[in-house]
Chemist: 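My questions will all concern the structure given below.
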Amino acid sequence: MYNLAYAYFKRDGIIELSYKFSFFVQMLGNVVLLVIFYYIGQMTLGKEIPALTRYGGSYLAFLLIGLALTECVSVSLTTFAKQIREGQLTGALEITLLSPVSLTRLLLYSALWPYFISAIRFFVYLIIGMYFYHVGFDKADVGSALVIFALVVIAFAGLGMCWASVVLLIKRGEAILTVMSYLFVVLSGVLFPQSLLPKWLQQLAQWIPLTHGLEGMRLALLQGVSLSEQLDRLLILSLFSVVLILMGIAAFHVAVRIAKEEGSLAQY
């Protein structure tokens, strides 16, 4: 099992790093984005924003954590479907899915490299926040933040598997995912406090794992809120994780069965 996981990780790493210019441009894009948000945050310096009081009052810190966690969520949401789509286009999907390795393991192994890069980016964002944004994490409860981080990533991995199932059957659907991503960003409070939204949208946002993840992550890193003080939020995220992972695995198995019956595994 470990040899196969490492083989997938090594393969994906070699492929990504072989396109050095593309990899460099992606990293540069992240830096440019951080610079843009830095100057946006400068407009709020010295201004008291009541909606940010519970997070320490710094919009830069609020925005940085939102950006970092959303980056990881994006990987969970898209990486499985990306692997499926690449397999369809290269003609390798049918052979891969007919191998003796379980479908669940194939999905998870194919996501190891993207998750590794995503985790690096997350910590780079926090380091940049400390040394360039001057965001203080001296109160941070690291244990609480790590648990919340893991639960959010797992929950969205379940959603990512569901989306991979859709891609397996309909082949294309980027527009649907784009709309979903925008809704998640707006409703979950990535760029601005969720409390600014109308009440009915705030209630709708409670059904999105990222909403609870961002709230818990910001409180843990900026206010030092411990796990014991976030038990309700941890329970909600745990339920999201279990339900969505099981749903994702079941959906992918059903999608593969349908594709095999229709003989569409090799179609793209």
Chemist: Using the salt bridge (charged side-chain N to carboxylate O under 4.0 Å, His left out) rule, collect all pairs that involve residues 149-166, keeping only residues at least two apart or in two chains.
Modeler: none
Chemist: Mind checking side-chain contact (heavy atoms from CB on, under 4.5 Å) for I236 and listing every partner two or more places apart, or none if nothing turns up?
Modeler: H212, F240
Chemist: As an exercise, state the distance from CZ of R54 to CZ of R218, rounded to the nearest 0.5 Å.
Modeler: 11.0 Å
Chemist: Who pairs with T211 by side-chain hydrogen bond (donor to acceptor under 3.5 Å, both in side chains), at least two apart in sequence or on another chain?
Modeler: S188
Chemist: Could you name each residue pair satisfying salt bridge (charged side-chain N to carboxylate O under 4.0 Å, His left out) that touches residues 57-68, not counting sequence neighbours?
Modeler: none
Chemist: When rounded to the nearest 0.5 angstrom, what distance separates CD in Q206 from CG in L187?
Modeler: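 Rounded to the nearest 0.5 Å, the CD-CG separation comes to 10.5 Å.
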Chemist: Tell me, please, which residues at least two apart from S228 pass side-chain hydrogen bond (donor to acceptor under 3.5 Å, both in side chains).
Modeler: S226
Chemist: Applying the 4.5 Å side-chain criterion to the ILVMFWY set and letting contacts propagate, would F184 and L196 be lumped into a single cluster?
Modeler: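 Hydrophobic grouping puts F184 with L196.
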Chemist: Which pairs would a plain distance check flag for residues 63-72, meaning a side-chain donor or acceptor within less than 3.5 Å of a matching protein atom at least two apart in sequence or in another chain?
Modeler:
{"from": "T70", "atom 1": "OG1", "to": "G66", "atom 2": "O", "distance (Å)": "2.6"}
{"from": "E71", "atom 1": "OE2", "to": "R121", "atom 2": "NH1", "distance (Å)": "2.5"}

Chemist: Is there side-chain contact between S74 and L77, with heavy atoms separated by less than 4.5 Å?
Modeler: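 The answer is no, as the side chains (C-beta and beyond) never meet within the 4.5 Å cut-off.
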Chemist: Quick check: do P193 and L52 have side-chain heavy atoms less than 4.5 Å from each other?
Modeler: yes
Chemist: With heavy-atom distances below 4.5 Å as the criterion, would you say the side chains of S165 and V254 are in contact?
Modeler: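 They are not in contact (no side-chain heavy atoms under 4.5 Å apart), so the answer is no.
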Chemist: side-chain hydrogen bond (donor to acceptor under 3.5 Å, both in side chains) with Y55: which residues, sequence neighbours excluded?
Modeler: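 If we apply the side-chain hydrogen bond (donor to acceptor under 3.5 Å, both in side chains) test to Y55, skipping adjacent residues, the hits are E215.
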Chemist: Please list all pairs meeting side-chain hydrogen bond (donor to acceptor under 3.5 Å, both in side chains) that have one or both residues in residues 191-202, counting only residues at least two apart or in different chains.
Modeler: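 Counting only pairs at least two positions apart or across chains, no side-chain hydrogen bond (donor to acceptor under 3.5 Å, both in side chains) contact touches residues 191-202.
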Chemist: Would a single hydrophobic cluster contain both M180 and L204, if residues Ile, Leu, Val, Met, Phe, Trp and Tyr are joined by side-chain heavy-atom contacts under 4.5 Å?
Modeler: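 Yes; M180 is reachable from L204 via cluster members.
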Chemist: Listed by chain and number, what are the side-chain contact (heavy atoms from CB on, under 4.5 Å) partners of L183, not counting sequence neighbours?
Modeler: V179
Chemist: Checking side-chain contact (heavy atoms from CB on, under 4.5 Å) for the pair K139/L222: CA distance, chi angles, key distance, verdict?
Modeler: CA-CA 6 Å; K139 296 180 181 178; L222 301 176; over 6 Å; no
Chemist: I'd like to know if I36 and L191 are part of one continuous hydrophobic network [Ile/Leu/Val/Met/Phe/Trp/Tyr, side-chain heavy atoms within less than 4.5 Å].
Modeler: yes
Chemist: For residues I127 and F62: do they belong to one hydrophobic cluster (side chain heavy atoms under 4.5 Å, members Ile, Leu, Val, Met, Phe, Trp, Tyr)?
Modeler: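 Linked within one cluster.
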Chemist: Hey, could you give me each pair passing salt bridge (charged side-chain N to carboxylate O under 4.0 Å, His left out) that has a residue in residues 246-256? Not counting sequence neighbours.
Modeler: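 Counting only pairs at least two positions apart or across chains, no salt bridge (charged side-chain N to carboxylate O under 4.0 Å, His left out) contact touches residues 246-256.
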Chemist: Compile the donor-acceptor pairs under 3.5 Å between side chains in residues 140-158 and protein atoms, sequence neighbours left out, one pair per line.
Modeler:
{"from": "D141", "atom 1": "OD1", "to": "G143", "atom 2": "N", "distance (Å)": "3.4"}
{"from": "D141", "atom 1": "OD1", "to": "S144", "atom 2": "N", "distance (Å)": "2.9"}
{"from": "S144", "atom 1": "OG", "to": "V225", "atom 2": "O", "distance (Å)": "3.3"}
{"from": "S144", "atom 1": "OG", "to": "Q230", "atom 2": "NE2", "distance (Å)": "3.2"}

Chemist: Working note: L197 + F192, criterion side-chain contact (heavy atoms from CB on, under 4.5 Å); need CA distance, chi angles, decisive distance, verdict.
Modeler: CA-CA 9 Å; L197 294 172; F192 52 82; 3.8 Å; yes
Chemist: Can you list, by chain and residue number, the hydrophobic cluster partners of L246 when the side-chain cut-off is 4.5 Å?
Modeler: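 L246 clusters with V242.
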